[in-house]
Structures are given as structure tokens and as C-alpha cells.
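Reviewing the structure listed below.
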Amino acid sequence: MRTYWNTNGGLTAINDWEPNCWIQVTCPTEEDQTHLEKQFNIPDYFLSDISDTDERARYEYDDGWMLIILRIPYVKEIRSRTPYTTVPLGIIHKRDVTITVCYYETNMMIDFVSYQQKRGEGFTDYVDMIFRLFLSSAVWYLKRLKQISSLIDKAKRNLDREVNNESLIGLSRLQDSLTYFVTSIRGNETLLSKLKFKLQIDELDADLIEDVNIEMTQARETTNIYSNILESTMDTYSSIINNNMNTVMRTLTSVSILMMFPTLIASLFGMNLVNGMESNHYGFFIAIVISVAVSGLFWWIFRHKRLI
């Protein structure tokens, strides 16, 4: 889907392309890709790189075109091993053409457009727009991290009541999401530091870059904190599970030993040998009493040693 935005003095939708407007392409179809390549002569591999979900944050130049790939947060609507992940957002620019391409519909881009419309100032130039996209991505990383923190707290409350596989698997998936986040944020920070020396930056852009650096640093440090907390939590519950398993195995072993004594005594008196109990009318009861006495003695010893 293609949307054309006039960025002068605000953000308003227009019907067709105009010089210095912003072309927003979301979930592009083959028709959209063909249109962009034919009308603007964009290198075809630009769109292929953006469609690669594993593409790292970077920039490059080709035939006067500049491609910037920014990693932005994304929440999968369907059940997945990694509910929170990151996807590439491509920014393509050449003279009076500025295009953003994302193969996923993200809340970040919807919010970005809404915020800029409320702001009512538009963009001073394409550089201002690029750094505002960086700022928006950092803010949305922080928003998603708050959601992840809430999910971690919920899983920990469930595990406090009962250690179950579902909650542990949920924590493991959140750990994967945090790994994607911290890797993407570091890539965006590296990309930002390089773009500061490649783009024509004025005083306003410098202030905006400072804001972006602050937000990205906070997002990276918050991600590291949550990742460390989650790793510590997983280790703690792993130790709890191992301790519970040891307790169960110790109890079962003690019970097995206690059950061994009646079996041993019954086997001794049941052998086809002379033992003095063959003609005794109370032989069965004597064997029962001995079994109970021996088992009771060892049960008391195990309780005293806290083995059962």
C-alpha cells in the first residue's frame, strides 16, 4: 500500500507523488515494487534487502540513491516463540524523492504518522525526517519493554504459586525477544553514529540527535536490565526445580528403604529352611511385628536425620 504525504507545514495525504513529498509504502505488493522501480529507477536489490527480516541496520549508496535500514520493534499477532521481535524499516532517498518501505504493518509507523499530524509542523527536510524515525523507534522500544516487564512480573507471580512448564516457556520466549531487542538497538546506535558524519546536519538536527542518543541509551540499558533480571529469574527457578526434584528423589529413596525391611523379613521366614517357626501358631504375627518394629525404628531414624 502506497501513501503520499505532503510534509510542508504539517502532514497531509495527497493523491499522487510530488517533489519532496514522503512516500510511505507498507506491506508492498508486487505492483507497488514494480511501480517504485519503474517510476523512480530504484535499485531492485534495495527492496529485496528491506524484505529480509534478518537484515542488519546499515546504510549504503548506489547511483545517487541512499538506502538506510533501521530496525524497529514489532509484535507478532499470531502465537510465536518470539512474540516481540524487530523488523527492518527501509528509508530510500535521492534529491527530491524520499520513500520509506516496511514489509510489516507496525504500530510504530501508525503512531509516527498520527503524532506528526498532531504536531502540525511537518519536516524541515529529509534529514529531519530520518532522525525523527530514529527517535520514534527508540520510544517504541521503551514502550515494548514496559509490556515485556509486565509479562515477566505476571509469569513470576504464576511461578510463585506453582512451577509449571507454561510459565517457564513464556519466560524463555521473552528472553529471546530481549536478545533481538538489544542486538537491534546496538545496530541502530552504530548506524546513528555513522549517519551523523554522512548527512548534512544543522543545529536543530544536532539537538534531535542528542534526544535520539538519550532515548536509545535508555532503551539499551533497560533491555540489558530486563535481560539480566530474566536470566537471574530463570536460574533461580531452575535451582528450585532441581531442589524439588532432589527432595522427591530423597523421599522416594527413603520410602523404598523402609519397604525393603518387611520384604527382607518375609523372605527370610518364607525360605524352605528350618527356622524354628514352622510349627508356631503365632509365626505370621511374629513376622508382622518384627517387620513393623524394624520399619518403625528406621522411620524414626530417617525423621531424626530429616531424610523423609
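Not measured: the values here are computed from a predicted model.
The closest side-chain heavy-atom distance from Ile50 to Tyr103 is below 4.5 Å. Side-chain contact between Phe298 and Ile257 is absent, with no heavy-atom pair separated by less than 4.5 Å. Under the 4.5 Å side-chain criterion, counting only non-hydrogen atoms from C-beta, Leu89 is not in contact with Tyr104. Counting heavy atoms from C-beta outward, Ile265 and Val294 have side chains that approach closer than 4.5 Å. Two residues are said to be in side-chain contact when any heavy atoms from C-beta on lie closer than 4.5 Å; Thr3 and Thr26 fail this criterion. Ile69 places a side-chain heavy atom less than 4.5 Å from the side chain of Leu67. Counting only heavy atoms from C-beta outward, the side chains of Leu192 and Phe131 approach each other to under 4.5 Å. Contact of the Ile99 side chain with the Trp22 side chain is not registered, since no non-hydrogen atoms from C-beta on lie closer than 4.5 Å.
The backbone N or O of Ile185 sits nowhere less than 3.5 Å from a side-chain atom of Arg220 that would complete a donor-acceptor pair. Judged by distance alone, with hydrogens and angles left aside, the side-chain atoms of Ser114 form no donor-acceptor pair with the main-chain N or O of Ile110 at under 3.5 Å. One N or O on the side chain of His93 and one on the backbone of Val97 form a donor-acceptor pair closer than 3.5 Å. The backbone N or O of Met1 lies less than 3.5 Å from a partner atom in the side chain of Asp32, making a donor-acceptor pair. With hydrogens and angles disregarded, a donor-acceptor distance shorter than 3.5 Å links the side chain of Thr223 to the backbone of Ala219. No donor-acceptor pair under 3.5 Å is formed between the side chain of Lys194 and the backbone N or O of Glu189. Side-chain atoms of Ser291 come within 3.5 Å of backbone atoms of Ala287 as a donor-acceptor pair (strictly under, hydrogens ignored). The closest donor-acceptor contact from the side chain of Ser193 to the backbone of Thr190 lies under 3.5 Å.
Residues Pro28 and Gln33 share a closest heavy-atom pair of O-NE2, 4.0 Å. The two residues Ser177 and Tyr84 have their closest heavy-atom pair at OG-O, 2.8 Å. Across Gln200 and Val127, no two heavy atoms sit closer than the pair O-CG2, 3.8 Å. Closest approach of Ser137 and Ile72 over heavy atoms only: CB-CG2, 4.0 Å. Scanning all heavy atoms of the two residues, the minimum distance from Lys38 to Asn41 falls at O-OD1, 3.7 Å. A pairwise comparison of heavy atoms in Asp63 and Lys94 identifies O-NZ, 3.3 Å as the closest pair.
A distance of 12.0 Å separates CD1 in Ile152 from CZ in Arg157, rounded to the nearest 0.5 Å. Rounding to the nearest 0.5 angstrom, the gap separating the OG1 atom in Thr100 from the CG atom in Leu70 is 11.0 Å. Interatomic distance, OG1 of Thr253 versus CG of Asn246, reported as 10.5 Å (0.5 Å rounding). Rounding to the nearest 0.5 angstrom, the gap separating the CG atom in Leu258 from the OG1 atom in Thr263 is 11.0 Å. Distance OG1/Thr85 to NZ/Lys76: 5.5 Å, rounded to 0.5 Å. The distance from atom CD1 of Ile14 to atom SG of Cys21, rounded to the nearest 0.5 Å, is 4.5 Å.
Here Met249 is tied into one hydrophobic group with Met245, each link being a pair of ILVMFWY side chains closer than 4.5 Å. In this structure, Leu252 shares a hydrophobic cluster with Val248, the cluster being traced through Ile, Leu, Val, Met, Phe, Trp and Tyr side chains under 4.5 angstrom apart.
Residue Glu60 qualifies as enclosed at atom CD: its count of foreign heavy atoms under 6.0 Å is above 12. Counting non-hydrogen atoms of neighbouring residues, nucleotides and ligands closer than 6.0 angstrom, the CE atom of Met259 reaches no more than 12 such neighbours. When the shell of 6.0 Å around OH of Tyr61 is examined, it contains more than 12 heavy atoms from other residues, nucleotides or ligands. Atom NZ of Lys146 is surrounded by 12 or fewer heavy atoms from other residues, nucleotides or ligands within 6.0 Å.
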Criterion side-chain hydrogen bond (donor to acceptor under 3.5 Å, both in side chains) on Asp111 and Trp140, from CA distance to verdict: CA-CA 9 Å; Asp111 178 74; Trp140 270 91; 3.2 Å; yes
Criterion side chain to side chain contact (heavy atoms under 4.5 Å, CB included) on Leu178 and Leu145, from CA distance to verdict: CA-CA 8 Å; Leu178 290 175; Leu145 286 169; 3.7 Å; yes
Ile23/Val25 under side chain to side chain contact (heavy atoms under 4.5 Å, CB included): CA gap, chis, key distance, verdict: CA-CA 6 Å; Ile23 306 174; Val25 184; 4.0 Å; yes
Working for side chain to side chain contact (heavy atoms under 4.5 Å, CB included), residues Phe112 and Leu133: CA-CA 8 Å; Phe112 179 75; Leu133 283 171; 3.6 Å; yes
Steps toward side chain to side chain contact (heavy atoms under 4.5 Å, CB included) verdict (Arg144, Asn107): CA-CA 11 Å; Arg144 296 308 185 192; Asn107 291 330; 2.8 Å; yes
Worked verdict on Tyr45 versus Asp62 for side-chain hydrogen bond (donor to acceptor under 3.5 Å, both in side chains): CA-CA 10 Å; Tyr45 73 90; Asp62 186 359; 2.9 Å; yes
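Ile130 and Val113 fall within a single hydrophobic cluster, where Ile, Leu, Val, Met, Phe, Trp and Tyr are joined by side-chain heavy atoms under 4.5 Å apart, directly or via other members. Met129 and Tyr59 fall within a single hydrophobic cluster, where Ile, Leu, Val, Met, Phe, Trp and Tyr are joined by side-chain heavy atoms under 4.5 Å apart, directly or via other members. Following chains of ILVMFWY side-chain contacts shorter than 4.5 Å, one can reach Ile225 starting from Leu230, so the two form part of one hydrophobic cluster. Linking ILVMFWY residues whenever their side-chain heavy atoms come closer than 4.5 Å, directly or via other members, leaves Leu11 and Tyr115 in distinct clusters. Clustering ILVMFWY residues whenever any of their side-chain heavy atoms sit less than 4.5 angstrom apart, transitively, puts Ile214 in a cluster other than the one holding Val212.
In this structure, Trp17 has its ring center closer than 6.0 angstrom to the ring center of Phe40. Aromatic ring centres of Phe181 and Tyr141: separated by under 6.0 Å.
Screening Thr98, Leu199, Ile91 for a side-chain contact (heavy atoms from CB on, under 4.5 Å) involving Met66 leaves a single residue, Leu199. Each of Leu195, Asn213, Ile209 was scored for a side-chain contact (heavy atoms from CB on, under 4.5 Å) with Phe134, with one residue passing: Leu195.
Residues in residues 224-236 take part in these side chain to side chain donor-acceptor pair (under 3.5 Å) pairs, two or more places apart or across chains: Gln175-Ser227.
Taking the charged nitrogens against the carboxylate oxygens, Arg132 and Asp128 do have a contact shorter than 4.0 Å, which makes a salt bridge.
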